[in-house]
Amino acid sequence: MDLAPPRGTRDFYPQDMRRRNWLFAHFHDVARLFGFEPYDAPVLESAGLFIRKAGEEIVDQLYTLNDKSGRHLALRPEMTPSLARMVLQKGGSLALPLKWYSVPQCWRYERMTRGRRREHYQWNMDIVGVDSVTAEAELLAALVAFFERVGLSAADVVIKVSNRKILQAVLERLHVPAEHFAAVCVLVDKLEKVPREAIMADMAALGLDEAKVDRVVEMTSFRALAPLAAFVGDQHQGIRELRRFWTLAEEYGIEDWLSFDASLVRGLAYYTGMVFEAFSRDVSLRALCGGGRYDHLLSTFGGKDVPACGFGFGDAVITELLAERHLLPDPGPQVDDVVFAYAPELRGAAMQVARRLRQQGRSVDLILEERRIKWAFRRADQTGARRMVLVAPDEWAAGQVHVKDLSTGQEQNLSLEQL
RNA sequence: GUGGGCGUAGCUCAGUUGGUUAGAGCACCAGGUUGUGGCCCUGGAGGCCGCGGGUUCGAUUCCCGUCGCUCACCCCA
């Protein structure tokens with residue numbers, strides 16, 4: 001029997017769990033600060049929820065299975081389709097806008113390399129029902145709040161921002177059929193990552209010959225808004241949204257974190273407007289997080305569209321960055337009191353003491369075995385306990401327990417009421 | 001998918017030019033100290049040397065295969 005977890009998955013021993021909880025606590029805290037409500041959905045969904053035909057890698061990497069009734073199911077590779085399903089299921093009964101968040105475990109079957117596994121936890125924040133870039137500004141402000149809380153600054157992290165509507169305008173001028181927009185976006189996303197020849201056949205199938213691809217490459221090379229505005233028109237909606245967004249970002253005080261980058265497209269098919277990804281400025285890592293606007297996702301599931309945007313933020317890359325910056329804490333256990341009975345006859349008394357302490361909300365490690373006191377002290381050191389509470393014959397006869405502060409060494413006898 | 005590195009105690013690793021009983025540190029247990037921790041001392045337990053085959057009088061060591069882990073490349077959110 002192989003005792004290792006399946007390839008690409010992780011065990012979380014208590015020490016790992018403490019660190020994970022530390023990170024997740026920041027996710028939860030920031031969500032609360034921004035007024036987002038938690039939700040969750042099954043890890044296992046109908047495979048059809050995730051299967052799209054735009055050539056996305058995430059669809060090729062689905063973990064799928066057939067259950068005993070022959071249903072075609074998949075482990076979720078991302079959370080957004082489940083969120084869309086939940087919103088659709090409630091019809092019009094949900095009071096918009098929704099500001100929801102979750103920290104789901106997501107799965108994808110892919111080859112293992114450094115910092116890439118087959119399972120990760122991904123903090124998701126989504127705003128459903130707001131069609132203005134005020135929503136994107138809110139999401140990015142939350143991202144910045146998170147980075148600041150874990151000790152990162154605008155000197156460490158850059159959030160690249162773009163808007164797919166600009167690419168859409170370019171494609172329209174090149175007479176690329178509108179129904180190919182999503183698939184072309186997925187290919188353009190690959191332009192920077194694979195040799196151009198590798199995807200030219202796919203480009204041609206979608207209506208883009210060499211000259212048109214040249215035009216797209218030229219357009220994605222811009223790192224400033226002005227030349228693009230000249231390209232697609234100063235009053236184009238994509239340009240106006242970006243300008244409005246930047247104004248909002250300045251008012252939020254987060255503009256130092258942001259950078260316009262026309263090459264940013266993202267590899268998911270459903271984005272329709274603003275898109276963004278955060279990167280470490282100097283450490284070579286994959287994107288820390290990414291997101292964007294997906295105003296037409298709900299109609300692909302047969303429902304009425306509702307404007308929405310959101311981001312996903314995986315636990316893996318940020319953990320690597322924080323570790324490299326020595327910003328990742330290694331918290332110890334959180335036991336307050338160790339309760340130890342000197343003799344078997346005092347076990348009942350020790351249980352009473354432990355119960356009393358727990359009623360006060362203290363974390364109590366009651367020694368369950370017949371051990372020598374030396375062992376109890378060593379265990380107290382290992383668990384980081386603050387006090388040793390000794391239930392001893394003479395003191396107990398007087399209605400008291402002997403309490404030792406483990407950091408100062410001070411000792412005193414206290415009654416149950418004084419504990 | 002290609003190439004490299006590594007598989008020896010719970011963990012990190014040493015070692016064996018092929019030879020009797022495979023070592024260390026940390027961790028664990030016991031004792032020194034029958035009611036007081038961290039330090040120290042002494043002792044103990046713990047190994048199909050990844051698995052299978054081959055060569056050999058003899059393999060943890062050499063050879064072949066295989067599985068696992070890992071890094072780089074390839075590919076990709």
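Below, chain A is the first sequence line, B the second, and so on; all start at residue 1.
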Taking the six-membered ring for Trp, are [X] and [Y] parallel (under 30°), tilted (30 to 60°) or perpendicular (over 60°)?
X	Y	value
A/F147	A/F313	tilted
A/Y101	A/H28	perpendicular
A/F27	A/W123	parallel

Between [N] and [M], how many Å separate the two [atom1] atoms, rounded to a whole number?
N	M	atom1	value
B/C13	B/G7	C1'	12 Å
B/A59	B/G68	P	27 Å
B/A45	B/A22	P	14 Å
B/U17	B/U61	P	13 Å
B/C28	B/G15	C1'	24 Å
B/C64	B/U55	P	15 Å
B/G65	B/G25	C1'	35 Å
B/G47	B/A14	C1'	15 Å

Electrostatic pair [X]:[Y] at N-O distance under 4.0 angstrom:
X	Y	result
A/E218	A/R215	yes
A/R386	A/D337	no
A/R76	A/E45	no
A/E57	A/R52	no
A/R293	A/E136	yes
A/R149	A/D29	yes
A/D405	A/R387	no
A/R266	A/D189	no

From A/E241 CD over to A/D131 CG, what is the distance, rounded to the nearest 0.5 angstrom?
->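 Rounded to the nearest 0.5 Å, the CD-CG separation comes out at 9.0 Å.
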Considering only heavy atoms, which members of residues 257-270 of chain A lie under 4.0 Å from some atom of RNA chain B?
->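 Heavy-atom cutoff 4.0 Å gives A/R266.
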Looking at RNA chain B, which of residues 291-299 of chain A put a heavy atom within less than 4.0 Å of it?
->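 Within residues 291-299 of chain A, no residue comes under 4.0 Å of RNA chain B.
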If you find the nucleotide of RNA chain B closest to A/G8 and the one closest to A/C289, which residue's nucleotide is nearer the 5' end?
->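 Looking at the nearest nucleotide for each, A/G8 comes out on the 5' side.
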Below 3.5 Å is the cut-off: list the nitrogen or oxygen pairs between protein and nucleotides 72-75 of chain B, distance only.
from, atom 1, to, atom 2, distance (Å)
B/C74, O2, A/R111, NH1, 3.0
B/C74, N3, A/R111, NH1, 3.2

For RNA chain B, the dot-bracket notation using Watson-Crick and G-U wobble pairs below 3.5 Å, [ ] for pseudoknot-type crossings and | for other-strand pairs, is (((((((..((((.....[...)))).(((((.......))))).....(((((..]....))))))))))))....
Show me the side-chain donor-acceptor pairs of residues 10-19 of chain A shorter than 3.5 Å, one per line, residues at least two apart or across chains.
from, atom 1, to, atom 2, distance (Å)
A/R10, NE, A/E119, OE1, 3.4
A/R10, NE, A/E119, OE2, 3.3
A/R10, NH1, A/D315, OD2, 3.1
A/R10, NH2, A/E119, OE2, 2.7
A/R10, NH2, A/D315, OD2, 3.2
A/Q15, NE2, A/D330, OD1, 3.4
A/Q15, NE2, A/D330, OD2, 3.3
A/D16, OD2, A/Y13, N, 2.9
A/R18, NE, A/P331, O, 2.7
A/R19, NE, A/P329, O, 3.1

With a 4.0 Å cut-off on heavy atoms, is A/F279 in touch with a base, just the backbone sugar-phosphate, or nothing at all?
->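 Base contact.
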Aromatic A/Y121 / basic A/R20 pairing, under 6.0 angstrom, 45° off normal |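 Yes, A/R20 and A/Y121 form such a contact.
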Honestly, is A/R371 close enough over A/F340, meaning NZ or CZ under 6.0 Å from the six-membered ring centre and within 45° of the axis?
->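 Because its charged atom misses either the 6.0 Å distance or the 45° angle limit, A/R371 does not stack over A/F340.
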Whole Å only: how far is the CZ atom of A/R117 from the P atom of B/C71?
->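 From A/R117 CZ to B/C71 P: 11 Å.
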Between the side chains of A/E411 and A/H402, does any donor sit under 3.5 Å from an acceptor?
->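 Their side chains do contain a donor-acceptor pair, which is all the 3.5 Å distance test asks for.
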With sugar-phosphate taken as primed atoms, P, OP1 and OP2 and all else as base, the protein-contact string of nucleotides 30-39 of chain B at under 4.0 Å (heavy atoms; B, S, -) is SSB--BBBB-
